[in-house]
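I have placed the structure first, in the form of structure tokens, so that the comments after it can refer back to it.
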There are 2 protein chains.
Amino acid sequence: MVRLRTRSSNSDTPDRWEAQLRKGALEMAALASLWHGRLYGLEIIRFLEGESQLILAEGTIYPILNRLRAEGLLTSEWVEAEAGHPRKYYSLTESGRLRLMKMAEAWATFAAGLSRLLTPVLNPAVGTVTTQEKQEVFL
Amino acid sequence: MVRLRTRSSNSDTPDRWEAQLRKGALEMAALASLWHGRLYGLEIIRFLEGESQLILAEGTIYPILNRLRAEGLLTSEWVEAEAGHPRKYYSLTESGRLRLMKMAEAWATFAAGLSRLLTPVLNPAVGTVTTQEKQEVFL
DNA sequence: CATAGTACATTGCTATACGAGGTATGTGGC
DNA sequence: GCCACATACCTCGTATAGCAATGTACTATG
């Protein structure tokens with residue numbers, strides 16, 4: 001049962017920061033994955049990976065789901081599967097929906113602040129131009 | 001010298017997640033604050049607070065700056081101040097500039113993924129597709 | 001010299017992500 | 001029936017990070 005995932009988790013990896021970046025966004029992402037309807041654990045992982053490049057391990061998602069359930073933001077129910085093995089489906093509660101909307105708003109604010117900060121970095125032709133004209137910078 | 005900041009760190013605080021959200025983005029923000037020129041420690045804190053609502057404590061910024069310097073992403077120099085007390089100014093190195101640009105790109109990708117995930121949450125009027133496509137069902 | 005202000009630095013606590021490993025259930029080959 | 005395998009859920013241990021609190025150093029002012 002190989003579980004490699006090529007974490008390369010030693011200290012010399014220059015992309016460690018990227019892993020840290022995801023911290024804290026995970027609870028929000030987990031809630032968001034349930035917006036359209038119930039999913040079970042591994043399904044959430046696959047959904048997030050496909051939808052938003054957010055890769056997280058099983059050891060990550062289950063503690064998060066338990067935290068969220070303990071807070072009353074989602075509920076879980078065992079569902080028999082005709083093939084395979086029973087699955088625990090998670091659904092948003094009303095409280096979870098409201099919380100997610102608040103989180104999403106705060107995220108938008110946070111992202112806007114960082115975007116403003118990073119504008120000169122991502123778009124080197126800034127400072128001399130007020131509006132347009134010279135907007136043909138590489139994209 | 002009040003340093004309250006309303007910790008209230010017990011488990012019933014609904015805004016703990018927001019603090020976590022900032023994790024990992026701080027190194028990038030610290031680098032970004034130096035994009036226009038050198039700043040000293042406390043100045044970085046004030047800059048980030050004013051520019052992007054990113055509030056961080058001294059106990060946070062100094063370890064970050066030391067980490068970044070140890071990685072060669074920035075340099076520091078003591079500068080005598082005619083009034084007050086010498087300040088340690090930090091500047092981006094060429095390596096730091098490059099790294100920051102890479103970080104900014106990764107941030108943009110990450111933010112785009114989360115945005116896509118949160119679109120139905122932030123914009124309840126889904127179904128009235130304005131920019132069409134992207135309404136693909138997940139997997 | 002005492003107080004206050006500014007700036008840098010360190011320590012200790014707590015929370016978190018996540019790799020690794022474990023359990024339970026069903027399926028197919030022999 | 002048995003064994004290998006796949007799927008799914010769960011848990012423990014560890015490394016790391018943010019940050020409140022606290023300490024040190026220097027200067028200015030009265």
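Order of the sequence lines sets the chain letters (A, B, ...), proteins ahead of strands, with each chain counted from 1. Source: prediction; values computed, not measured.
- Residues passing the side chain to side chain donor-acceptor pair (under 3.5 Å) test with A:E77 are A:R38, sequence neighbours excluded.
- Of the side-chain N and O atoms in B:Y62, none sit less than 4.0 angstrom from OP1 or OP2 of C:dA9.
- C:dG5 atom C1' lies 17 Å from atom CD of B:E43, rounded to whole Å.
- Residue-level contact check: A:Y90 touches the backbone only, with heavy atoms under 4.0 Å from sugar-phosphate atoms and none from bases.
- Taking only side-chain atoms of B:R46, from C-beta outward, the nucleotide of C:dT25, C:dA7, D:dT11 with the closest atom is C:dA7.
- Qualifying salt bridge (charged side-chain N to carboxylate O under 4.0 Å, His left out) partners for B:R67, counting only residues two or more places apart in sequence or in other chains: B:E27.
- For A:L42, taking side-chain heavy atoms from C-beta onward, the closest of the listed nucleotides C:dT25, D:dC9, C:dT10 is D:dC9.
- A straight line from CD of B:E27 to C1' of D:dA17 spans 10 Å, rounded to a whole angstrom.
- Put simply, B:R87 has no side-chain N or O that comes within less than 4.0 Å of OP1 or OP2 on C:dA9.
- Residue B:I64 contributes atom CD1, which lies 15 Å from atom P of C:dC8 at whole-angstrom precision.
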- Task: In sequence, state the C-alpha distance, the side-chain angles, and the governing distance for B:T75 and B:R69, and then conclude on side chain to side chain contact (heavy atoms under 4.5 Å, CB included).
- Result: CA-CA 6 Å; B:T75 56; B:R69 187 182 42 184; 5.9 Å; no
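- At C:dC18, one or more side-chain N or O atoms of A:T60 fall inside 4.0 Å of OP1 or OP2 (strictly under the cut-off).
- Here salt bridge (charged side-chain N to carboxylate O under 4.0 Å, His left out) pairs that include residues 104-119 of chain A, with residues two or more places apart or in two chains, number zero.
- Taking only side-chain nitrogens and oxygens, A:R67 comes nearer than 4.0 Å to OP1 or OP2 of C:dA17.
- Atoms CG (B:L56) and C1' (D:dA20) sit 13 Å apart, rounded to a whole Å.
- Note that the two end axes of the helix from C:dC1-D:dG30 to C:dC30-D:dG1 enclose an angle of 10°, each drawn from 5 base pairs, rounded to 10 degrees.
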Side-chain donor-acceptor contacts of residues 86-94 of chain B below 3.5 Å, not counting sequence neighbours, with atom names and distances?
residue	atom	partner	partner atom	Å
B:T93	OG1	B:G72	O	2.8
B:T93	OG1	B:L73	O	3.0
B:T93	OG1	B:S95	N	3.4
B:T93	OG1	B:G96	N	3.0

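- Minimum atom distance to the side chain of A:H85 is reached by C:dA24, of the listed C:dA24, C:dT10, C:dC18.
- The CD1-C1' distance, from A:I44 to D:dC9, rounds to 12 Å in whole Å.
- Between D:dA8 and A:Y40, a contact under 4.0 Å exists linking OP1 or OP2 to a side-chain N or O.
- B:M28 places its CE atom 16 Å from the C1' atom of D:dA17, with the value rounded to the nearest Å.
- Residues forming a side chain to side chain donor-acceptor pair (under 3.5 Å) with A:S115 (at least two apart in sequence, or on another chain): none.
- As a whole-Å value, the separation of A:E58 CD from C:dA20 C1' is 11 Å.
- Checked against A:I44 for a side chain to side chain contact (heavy atoms under 4.5 Å, CB included), the options A:I64, A:L65, A:L56 give a single hit: A:L65.
- The interatomic distance linking B:I61 (CD1) with D:dA20 (P) rounds to 13 Å, in whole Å.
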